[in-house]
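Here the structure comes first, spelled out in C-alpha cells, and everything after it is commentary.
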Amino acid sequence: MYNTNINNSLLLWYDKHKRQLPWRDINDPYKIWLSEVMLQQTQVNTVVPYYKKWIKNYPTLLSVAESNMDDLLKLWEGLGYYSRCRNFFKACQIIKNDYCGIIPSNINEFNSLPGVGPYISGAVMSIAFNKSVPAIDGNISRIMFRYLGLRNKTKHNKKRIISKLITFIKLRPGDIIQSLMDLGSSICKSYSVKCGECPLSHSCKAFLHGFPLKYPIQKNKKSLPKKNIIAGFVQKNDKMLIVKRKDGGALGGLWELPMIIVSDNSNTSLFKTSLKNKYNLNLKINNKIGDIIHSFSHYRMNIAIFNCENVSTRIDYSSNNNIIKWINRKEIDNYAFHKANHKLFELLEKNNV
DNA sequence: AAGACGTGGAG
DNA sequence: TCTCCAAGTCT
C-alpha cells in the first residue's frame, strides 16, 4: 500500500527544487492556513506581498480574531474572492471563542470552520501537523490524472486519485504534498510539460502513452455574459459619495462609487431613481466622464461614469440601512475598494475631474 | 450539481 | 484583444 519509490523520488526532487516561499520551512498552523486561503485560485507571485503584509500586521490568530472586518478587508483589497477574508476572520473568532485560541488538529473540527474545505483541511493537516492526510488541489489533481492515465473527471476516478495519493504520503506528508504542487507549477503544467525533468515520468501512464497533455479532459467554458453599469461621481462641496456593499454578497463589505446594473448605460434615469430610493439622495446628472471595462470570472462589465451633483435639500441618508460616506479624494486609501473603482479613480485623474 | 465568486498573468 | 488559468469553497 505504501509506495516507497515514489515517496523517495518526490522527496529527493523536492529537497533540490523546492521554491523558497515565506510560508515554507515553518510549522505555525496559522501561517500555513492563511497561505492556503490566499493561494486559492490565486498565483503565488500575487500572494507573496499580501501574505507578508498580513503577517506583519497580524502575526497571530488572536490578533486576527480581535481585529475588525474593515481593517482586514483593507489588507485583502485587490486580492479578490473576498469571502475568503470574511470566512477567515469568522473562523479565527470561532477558534478564539470555542477552541481557546488553539487551531484544532482534529481534521473534522478544522474542516467544520467557515472557508475550510477538503483541500485546505488536508493541506493544513499534512503541512502544519505532519499528518498523512491527502490534499488535492488543481495541481495535484492534474498530476494524478496523468500519473494514472485517467482522462475523465468522474467521481470514480477522483476516488482512485485519492487512494493513490495516500500511498505516496506516509513519510513527510507535508513535503510530499508541497512537492507535488511545485511539480505541477513548474513541470506538469496544464498546457505544457517537461517530462524529461519529472521524477514521476518513469511510472506516469500519460507520459508512457505519449500524450500527457490529453489528460485529463478539460471542460469547455461558456463565454462571459456582459453587463452594463452606470456609476456616479457624486459631489457635495469637496467630498464624493461612496457606498458600502452588503456583507455576504459579491464583493461584500467593500466600498464603491454608487453604481447599478442597467440594460442601457447611456440612460441615466434609472440611476437617478435608484439613488433616490436607496439613499434618499436627489441628483442632478451632468456629463458623462468616460467608460471602463472590468471583467470578473463570471461576467464582464462596461461601466459608464457620470458627473453628478447632490441637490438634496434634506439631509437624511439613513434609508434602508444602506451605509454611505462623503469622503475627500485623499481619503480613498482609508477604505477597501474593489478593482473596478480603482480603474474609475484613475479615469477621474486622467480627465482632471 | 452547476454556477457564483476577483484578479492578474501568460500565450 | 481574447481566452484560459492559478494552492477551492459555498450554495
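Letters A, B, ... mirror the listed sequences (proteins, then strands); counts begin at 1. As the structure is a computational prediction, the values presented were derived from the model and not from experiment.
In this structure, A:Gln41 places its CD atom 13 Å from C1' of C:dC10, rounding to the nearest Å. A:Leu254 has its CG atom 8 Å from the P atom of B:dT7, to the nearest Å. The distance between atom CG of A:Leu113 and atom P of C:dG8, rounded to the nearest whole Å, is 19 Å. Computed from coordinates, the A:Tyr82 OH to C:dC10 C1' distance equals 18 Å when rounded to whole Å. Put simply, CZ on A:Arg300 is 15 Å from P on B:dT7, counting in whole angstrom units. Whole-Å rounding puts the A:Arg84 CZ to B:dG6 P distance at 9 Å. With rounding to whole Å, A:Gln40 atom CD is found 12 Å from B:dG6 atom P. As rounded to whole Å, 13 Å separates atom P of C:dA6 from atom CG of A:Leu39.
Residue A:Ile120 is in sugar-phosphate contact alone, with no base atom involved, counting any heavy-atom pair closer than 4.0 Å across all strands shown. In this structure, A:Trp33 reaches neither bases nor backbone, as no heavy-atom distance under 4.0 Å exists between it and the strands shown. Nucleic acid contact for A:Arg86: none, since no nucleic acid atom lies under 4.0 Å from a heavy atom of the residue. Looking at heavy-atom distances under 4.0 Å, A:Ser295 makes contact with a base. In this structure, A:Arg24 reaches the bases: a heavy-atom distance under 4.0 Å links it to at least one base atom across the strands shown. Within 4.0 Å (heavy atoms only), A:Ala250 reaches sugar-phosphate atoms of the nucleic acid but no base atom. Using a 4.0 Å heavy-atom cutoff across all strands shown, A:Gly184 reaches no nucleic acid atom at all. Across all strands shown, A:Leu251 has heavy atoms under 4.0 Å from sugar-phosphate atoms exclusively, and none from any base. Here A:Leu21 lies in heavy-atom contact (under 4.0 Å) with a base.
Applying the 3.5 Å distance criterion, the base of B:dG6 shares a donor-acceptor pair with the side chain of A:Tyr81.
Residues A:Lys155 and A:Gly78 each lie close to DNA chain B; by heavy-atom proximity, the contact nearer the 5' end of the strand is made by A:Lys155. Take the nearest nucleotide of DNA chain C for A:Ser297 and for A:Ser121: the residue whose nucleotide is more 5' is A:Ser297.
C:dA6 and B:dA1 are spaced 23 Å apart, taking the C1' atom of each and rounding to whole Å. C:dT9 and B:dG8 have their P atoms separated by 23 Å, with the value rounded to a whole Å. Between C:dC5 and B:dG6, the two C1' atoms lie 13 Å apart (nearest whole Å).
For A:His338, whose side chain is taken as the heavy atoms from C-beta onward, the closest listed nucleotide among B:dT7, B:dC5, C:dC5 is B:dT7. Closest approach to the A:Lys339 side chain among C:dC5, B:dT7, C:dT9 is made by B:dT7 (side chain taken as heavy atoms from C-beta onward). Side-chain proximity of A:Asn87 to C:dC5, C:dG8, C:dC10: nearest is C:dC10. Of the candidate nucleotides C:dT9, B:dA4, C:dC5, B:dA4 has the atom lying nearest to any side-chain atom of A:His298.
Residue A:Tyr119 places no side-chain N or O under 4.0 Å from the OP1 or OP2 atom of C:dT9. Under 4.0 angstrom from either OP1 or OP2 of B:dT7 there lies at least one side-chain N or O belonging to A:His294. Here A:Tyr299 does not reach the OP1 or OP2 of B:dG6: none of its side-chain N or O atoms lies under 4.0 Å away. Close to C:dT9, at under 4.0 Å from its OP1 or OP2, lies no side-chain N or O of A:Ser83.
A donor and an acceptor atom, one from each side chain of A:Tyr147 and A:Ser203, are located under 3.5 Å apart. Using modelled atom types and a 3.5 Å distance limit, the side chains of A:Lys153 and A:Asn157 yield no donor-acceptor pair. Side-chain N/O atoms of A:Ser201 and A:Arg146 include no donor and acceptor closer than 3.5 Å.
A salt bridge is absent between A:Lys244 and A:Asp247: the closest approach of a Lys/Arg side-chain nitrogen to an acidic carboxylate oxygen does not fall below 4.0 angstrom. Between A:Lys53 and A:Glu77 no salt bridge is recorded (no basic side-chain N to carboxylate O distance below 4.0 Å). A salt bridge is defined here as a Lys NZ or Arg NE, NH1 or NH2 lying under 4.0 Å from an Asp or Glu carboxylate O, and A:Asp182 with A:Arg24 meets this definition. The pair A:Glu346-A:Lys343 fails the salt-bridge criterion, with no side-chain N (NZ, NE, NH1 or NH2) lying under 4.0 Å from an Asp/Glu carboxylate O.
The backbone N or O of A:Lys194 sits nowhere less than 3.5 Å from a side-chain atom of A:Glu197 that would complete a donor-acceptor pair.
The closest side-chain heavy-atom distance from A:Gln20 to A:Asp25 is below 4.5 Å.
Within the 6.0 Å centre-distance limit, the rings of A:Phe88 and A:Trp33 are counted as a close aromatic pair.
For the segment residues 42-53 of chain A, the set of residues with a heavy atom within less than 4.0 Å of an atom of DNA chain C comprises A:Gln43, A:Val44, in numerical order.
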